[in-house]
Number of protein chains: 2
Amino acid sequence: MAAPRLRLAPAERRQQIIDAARQLYADRPYDDVSTAELAEAAGVARGLINHYFGDKRELFLAVMRESILMPERALPDYEGRTLEERARLTMDWILDAATTYGQAWIAASGAANLHGSSDIQAIVDEADDRAARLVLDAVGLPDSPHLRARLRPVAALTKAVCREWLQRGSLTRAEALDLLTDSLLLFVRKEPT
Amino acid sequence: MAAPRLRLAPAERRQQIIDAARQLYADRPYDDVSTAELAEAAGVARGLINHYFGDKRELFLAVMRESILMPERALPDYEGRTLEERARLTMDWILDAATTYGQAWIAASGAANLHGSSDIQAIVDEADDRAARLVLDAVGLPDSPHLRARLRPVAALTKAVCREWLQRGSLTRAEALDLLTDSLLLFVRKEPT
DNA sequence: ATGCTTGTTGACACTGTGCCAATAGCCGGG
DNA sequence: CCCGGCTATTGGCACAGTGTCAACAAGCAT
């Protein structure tokens, strides 16, 4: 049973550890899972984790980076549609993505600077920012710092609504779509100055 | 200098510990501050923390409960105003509260179930729920489970917008007020079914 | 085969947490 | 005014979890 000490390429082993960790973190909180467990799940000595990631937290961050970011995959092409239509289609696509993909995304909502020196907050922020850019592109608007600042909160809103819909069942999908579409339009329009 | 072992009423000492802890947690993440520090800051032996709270996490939760919840203080009376006016006045009041009060509130945005078995998430949820009720009352609408489900995400949105405004400076107060007011109206109106 | 490179291991030291019996404030009765 | 008891408070103990590091060995090159 004792795995006869296999030797892998660094990138490969690194990924293997991350994958094992992701499964554990999927339904257990950060400080509830020990490095010992992490190591065992990956079939690896405890020391190796420190060797590759230096730190337990750093491994966690690596996992988050992988699971939180929305798929870069380009959105469908909405050439020729009106702004309203594009907004709705985009939100619809996001809701789909959330269903299959976004458990971690929703969960991490705002992992908050409570947690660790706000490293996590930074990652969540980056995810939101990326989502904002994605949406701007999909809707066909130019990418400006100000517009992005307006859209980042929409990402937070989206996550909260998805939580109500998916985890609490207190909103229907249709209702969520309506609300989010209108919100998106609201935040995109009425530029001041 | 050695404090000659003062004996206090349980409630008093408990509060004293919480207050000291709050200051530490104000600008340092949870697991970065040790029980030793907590104890020293409160001028108390380490064991006493476990005596009163049982657990380090439990103390943290106690602090959160105190700092996250919005002031219960009743909102001004908006008798005779239109819905739009009341929405704007309410949001204006909330923005004020956020300025002075809500650092922790914003910070904790969605402390997430990553952190600890989702105890914290529960607290944040309660805070959001309370905020939702508060707003419903202020705006003069009946308190229904469904309306509350719609308003909780607005709480998340509000926090995100406040973060852009207060911490990043990427939105002006006026802009934030506009966006939030319209959003609030959006989520309150168009009841389905 | 044999040596070298480097991925991998296991043991060690240390910090931080929770627990518990011992200590000593404070308030009451004598 | 002194004394005894209730209980708030302490300090030390045991243990779990983390990071470090020198030694080990798998695979490649020669």
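The structure presented is a predicted model; accordingly, all values stated were derived computationally and were not measured. Convention: sequence-line order gives letters A, B, ...; per-chain numbering from 1.
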Among the nucleotides [options], which one has an atom lying closest to any side-chain atom of [X]?
X: H51(A); options: dG27(D), dT8(C), dT10(D); answer: dT8(C)
X: T35(B); options: dT18(D), dT10(D), dG18(C); answer: dG18(C)
X: S34(B); options: dG19(D), dG16(C), dG18(C); answer: dG16(C)
X: R13(B); options: dG27(D), dG10(C), dT9(D); answer: dT9(D)

message: I'd like to know if R5(B) reaches the base of dT23(C) with its side chain such that a donor and an acceptor end up less than 3.5 angstrom apart.
response: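 By the distance-only test, yes, there is a pair.
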message: Would R57(A) and Y30(A) count as a cation-pi pair here, with the cationic atom under 6.0 angstrom from the ring centre and within 45° of the axis?
response: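 Yes, cation above the ring, under 6.0 Å and within 45°.
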Euclidean distance, atom [atom1] of residue [X] to atom [atom2] of [N] [Å, nearest integer]:
X: K56(A); N: dT15(C); atom1: NZ; atom2: C1'; result: 14 Å
X: L48(B); N: dA24(C); atom1: CG; atom2: C1'; result: 14 Å
X: N50(A); N: dA11(C); atom1: CG; atom2: C1'; result: 14 Å
X: Y52(A); N: dT6(C); atom1: OH; atom2: P; result: 12 Å
X: R14(A); N: dT8(C); atom1: CZ; atom2: P; result: 13 Å
X: I49(B); N: dT10(D); atom1: CD1; atom2: P; result: 11 Å
X: R7(A); N: dG7(C); atom1: CZ; atom2: P; result: 6 Å
X: R46(B); N: dC13(D); atom1: CZ; atom2: P; result: 13 Å

- request: State, to 0.1 Å, how close V161(B) and A176(B) come at their nearest heavy-atom pair, and which atoms those are.
  value: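 Minimum heavy-atom contact is CG1-CB, 3.6 Å.
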- request: Return the minimal non-hydrogen interatomic distance between L6(B) and R13(B), and the atom names on each side.
  value: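 Result for this residue pair: O-NH1, 3.4 Å.
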field: salt_bridge(R148(B), E164(A)) N-O dist < 4.0 Å
entry: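 No, this pair does not count.
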message: Which is more 5' along DNA chain D, the nucleotide nearest V33(A) or the one nearest V44(B)? Just name the residue.
response: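 This one resolves to V44(B).
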message: I need the single residue from L180(B), D182(B), L185(B), D178(B) that forms a side chain to side chain contact (heavy atoms under 4.5 Å, CB included) with R88(B). Which is it?
response: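 The residue from L180(B), D182(B), L185(B), D178(B) that satisfies side chain to side chain contact (heavy atoms under 4.5 Å, CB included) with R88(B) turns out to be D178(B).
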